[in-house]
Amino acid sequence: MMYNRLLLFFLCFLLLFTPKISATSSGPHCNCEGQPPLEKTRPPIQGEVVFHLQAGLAKLGYYRGALDGIYGSELARAVSRLQLDLGLPATGNVDAILWAYLAWMVEKPAMGRSKAPPQGDISILVDTDALILIVYADKEPHKIYPVAIGKWGTPTPLGEWVIRDMTSVWKGPFGARWMGLSCPFGSYGIHGTDNPSSIGWETSGGCVRMYNHDVIELYDWVAPETPVTIIGTRGYPLFHSLGPGDVSQSVVYLQWRLRELGLQVGRADGVYGEATEGAIRELQFFYQLPADGIADANLLYILGFGGGE
Amino acid sequence: MAAGRRLWLLMAFSVLLGGLLYYFLSGWPFYLDPEMEIDPGRPYTLKFWDYPLPLVWKDGTTYLEFVQGVIEDFQREYPNVQIIYHPLGFATGPGELSQALASGRPPDIYSEPFPTQMVHHQGLQVPVTHYMPPEDKAFYHPLVLALQEAKDDIWAWPAWVSPQVWIGNRQLLREGGLDVEQVQTLGWNWEDYMALAQGFEGKNHGGFVFSTGSCLELFSNLLANNGLVGEKDDDFPLKLEETATLFQTLHAEGLWRDATEKWPWVKEFWEGKIALLGPVNGWVIRGSGVGARRSRHCPELVFLPPPHRLGAREYIKPIVARVCVFRQRRYRGADNVKVAMEFARYFSHRQGQGLAPQLWALPAFNSRSLLDKENNELSLANIQFLLRAQNYLLPTIIAQNQWEREDWKKEVLAPRLQKLLKGEINPREFATLIEEELKNES
């Protein structure tokens, strides 16, 4: 119990100071939502979040009721018991501190045992189909982690990014660590979570979520500019022309296709820059189309996107 | 003191002698000896410049992997030959070559899918004439070899030939009343074309005949097939006024549409909304329609020659990819040239065999081998048409003049064609203006 209280104190410390850090810098931000505060009401609150709470408390032995997603009296009593054990006021309500504690306590370890830090050039591959993150050392797989990725409506951006900013403070939905990605069409990152039961599902706002134990380990192995490639089959067809200056997920698909054809596009970073324009001109020259550097409906169709305005 | 002076004099003499030796040896007369044997004990290093084509084979092999495989196969036979591959960009490659030639250090082998001129350098480009075994020569179509000839020499190894044909939707063309087989065999003229196109307009069943080339491309095509070829060279053989009249009529009656307009003609063709595309690069059609070709409703493709004038035969503009050989200004010996020739010959054969099916083109060497290729995407009728088309390739004399110069076409021809289309000048005035330009050029 002493360990739990120390852990709670540590989490409280992080939560108290995080807003100050956020206020003084742009800080990490994305579309991911943290777990909301919960309290016993009439009629009782229902939903997936309550289910996660029940599951977490059941795993820790505080709750033995039905996993029905209803915030009933038994659940409120279980919350109170936990609060008493942690030396907190027994309100029966769940706040950010309690969510953080639950997240920490119910996590599963990563696939495979903890390993020594990787040596050599470190890179990361996220496979959104398999819902895993692989750390590579000198192009050899070093360790695999389970992750959560974006929902259908807020997909995880596929492409070749690098880590830009790194933060080691606990912040609600980001959990224990945040590693921001260089994606130019939105703010996305690899981070921990206050909802470990979401790992292995498509539930995030587009970020790559990891268990907090895992993200802490990973955080120490990487640095800004570490390459992060995100692949997957989920995507959407290109329905419009693309040209210099465009920045989008569609540009990544275009860059990957051009590279498959052996053209030089540099990193598939979603930016229709000089390299992409040059590759399109090469392709237009080859097909003897007007070499204007714009991927119009015809060229996109030739490239197999089946688009067209 | 005297010893010091002697030392200075000796040094000055050495420098002078070194300079003279360099001057004379760098321009040392060279000799070519096709009979020269390649020395198996001597290491050779060849610089090989090439344009990586954006192609991927069905098994996932990329063009660069294909080239690497060819080089490795060659090196199995000649393990003492090192080949340094240098990929070029289509836009920057010709400039790189010009610079290298000017400095006297060109690549030993230069592969070009879109040749820009017959002879890149009079002194450094080595003709292949005497290196081509007679038994090899018999496997090339005479017109394909003729396209590499100038001043009684053959200047490069032809790799593959792509006759620029028109591409149609067989079903729609039949519905339009065209005897496809007859046109493939005997050709057709502009009157046939216009009757077909007007028929589609009247039937209004969704099938159109469109020319997809830019107005420049169409005009060149019209000109080549409306009286340019076979006339005398010293007066103006170009039937400019007649061609301009036909061009104006096609435009006025809506019987062609400029491909530079932003409309999805590739997609519409695969969706069966367009009956005929031409002049068009067949690779555009080959490269696209992957999904369409898997569906049951995929149009059956048919290759057709461009229409010509009444009583004549069509001329088909070809792309002949080729491989050239250069020597260095600082000559490295007849055996070095021989080994470069050997690789150029080998590469041109392998490239022709490997790429032609990918590009819906013909291998320049032994073009009939295309008939034996398994899993060929082309129908037998279309392959046979391509083989016949070799008999009507546009002669070199046309491909060499200013009609093929991009800058001339854009700066001189295009503005006058626009005036013609807008009705600001009539065909006669157009012809006069172009003739004046040609006179000024000459």
Side-chain angles (χ1 to χ4, degrees), chain A residues 231 233 235-246 250-266 268 272-309, chain B residues 51-57 60-67 87-94 113-114 162 164 212-214 216-217 258-271 277 279-295 317 319 321 359 406 410:
Chain A
I231 59 167
T233 51
Y236 41 88
L238 298 148
F239 283 115
H240 52 80
S241 296
L242 294 169
D246 281 348
S250 299
V251 176
V252 175
Y253 295 140
L254 178 67
Q255 290 169 324
W256 272 337
R257 181 73 183 120
L258 291 169
R259 190 189 291 159
E260 278 172 12
L261 290 171
L263 294 157
Q264 302 293 319
V265 290
Y272 201 116
E274 277 182 24
T276 307
E277 187 184 343
I280 289 290
R281 281 183 199 278
E282 290 281 298
L283 202 64
Q284 287 171 325
F285 195 100
F286 175 69
Y287 283 120
Q288 297 182 310
L289 299 169
D292 56 8
I294 294 170
D296 64 6
N298 284 319
L299 204 65
L300 291 175
Y301 195 85
I302 293 166
L303 286 168
F305 291 112
E309 287 168 286
Chain B
Y51 294 84
L53 303 179
L55 291 174
V56 178
W57 276 253
T61 306
T62 63
Y63 178 79
L64 286 176
E65 289 166 344
F66 166 78
V67 173
L88 297 165
F90 285 119
T92 53
F114 303 105
S162 179
Q164 287 194 299
T212 61
S214 66
L216 287 169
E217 196 62 38
D258 197 324
T260 53
E261 292 173 32
K262 297 287 181 189
W263 59 289
W265 52 271
V266 180
K267 187 181 175 198
E268 288 190 7
F269 179 78
W270 282 113
E271 288 174 351
L277 293 172
V280 62
N281 182 327
W283 311 338
V284 171
I285 303 303
R286 190 228 163 262
S288 63
V290 176
R293 265 179 272 168
R294 290 193 195 120
S295 83
K317 189 178 158 188
I319 296 173
L359 296 171
E406 287 301 318
K410 279 180 190 162

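Only a predicted model underlies this, so the values are computations on that prediction, with no experimental measurement involved. Naming convention: chains lettered A, B, ... in sequence-line order (proteins, then strands); numbering from 1 in each chain.
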Taking C-beta and beyond as the side chain, do A:Ile302 and B:Trp283 meet within less than 4.5 Å on heavy atoms?
->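 They are not in side-chain contact.
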So do A:Leu261 and A:Leu303 actually touch side chain to side chain, heavy atoms under 4.5 Å?
->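 Heavy-atom side-chain distance check passes, below 4.5 Å.
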Counting N and O atoms only, with roles assigned by atom type, does the side chain of A:Asp246 sit under 3.5 Å from a partner on the main chain of A:Val251, one being a donor and the other an acceptor?
->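 Flag not set: sc A:Asp246 to bb A:Val251 has no pair under 3.5 Å.
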Answer with side chain, backbone, both or neither: which region of B:Leu53 has an atom nearer than 4.5 Å to a non-hydrogen atom of chain A?
->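 Both the backbone and the side chain of B:Leu53 come within 4.5 Å of chain A.
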B:Tyr51 versus chain A, heavy atoms under 4.5 Å apart: side chain, backbone, both or neither?
-> neither
When only pairs under 4.5 Å are counted, which of B:Val284, B:Val56, B:Thr62 shares the most heavy-atom pairs with chain A?
-> B:Val284
Taking every heavy-atom pair that is under 4.5 Å apart, which of B:Gly89, B:Gly282, B:Pro52 has the most such pairs with chain A?
->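 Counting heavy-atom pairs under 4.5 Å, the top option is B:Gly89.
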For B:Gln164 and B:Asn281, does a side-chain donor sit closer than 3.5 Å to a side-chain acceptor?
->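 Absent: no donor and acceptor within the cut-off.
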Which region of A:Leu289, side chain (C-beta onward) or backbone (N, CA, C, O), has a non-hydrogen atom less than 4.5 Å from a non-hydrogen atom of chain B, or is it both or neither?
-> side chain
Honestly, the part of A:Gln264 sitting under 4.5 Å from a heavy atom of chain B is neither
Flag if over 12 foreign heavy atoms under 6.0 Å of CD, B:Glu65 =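 Enclosed.
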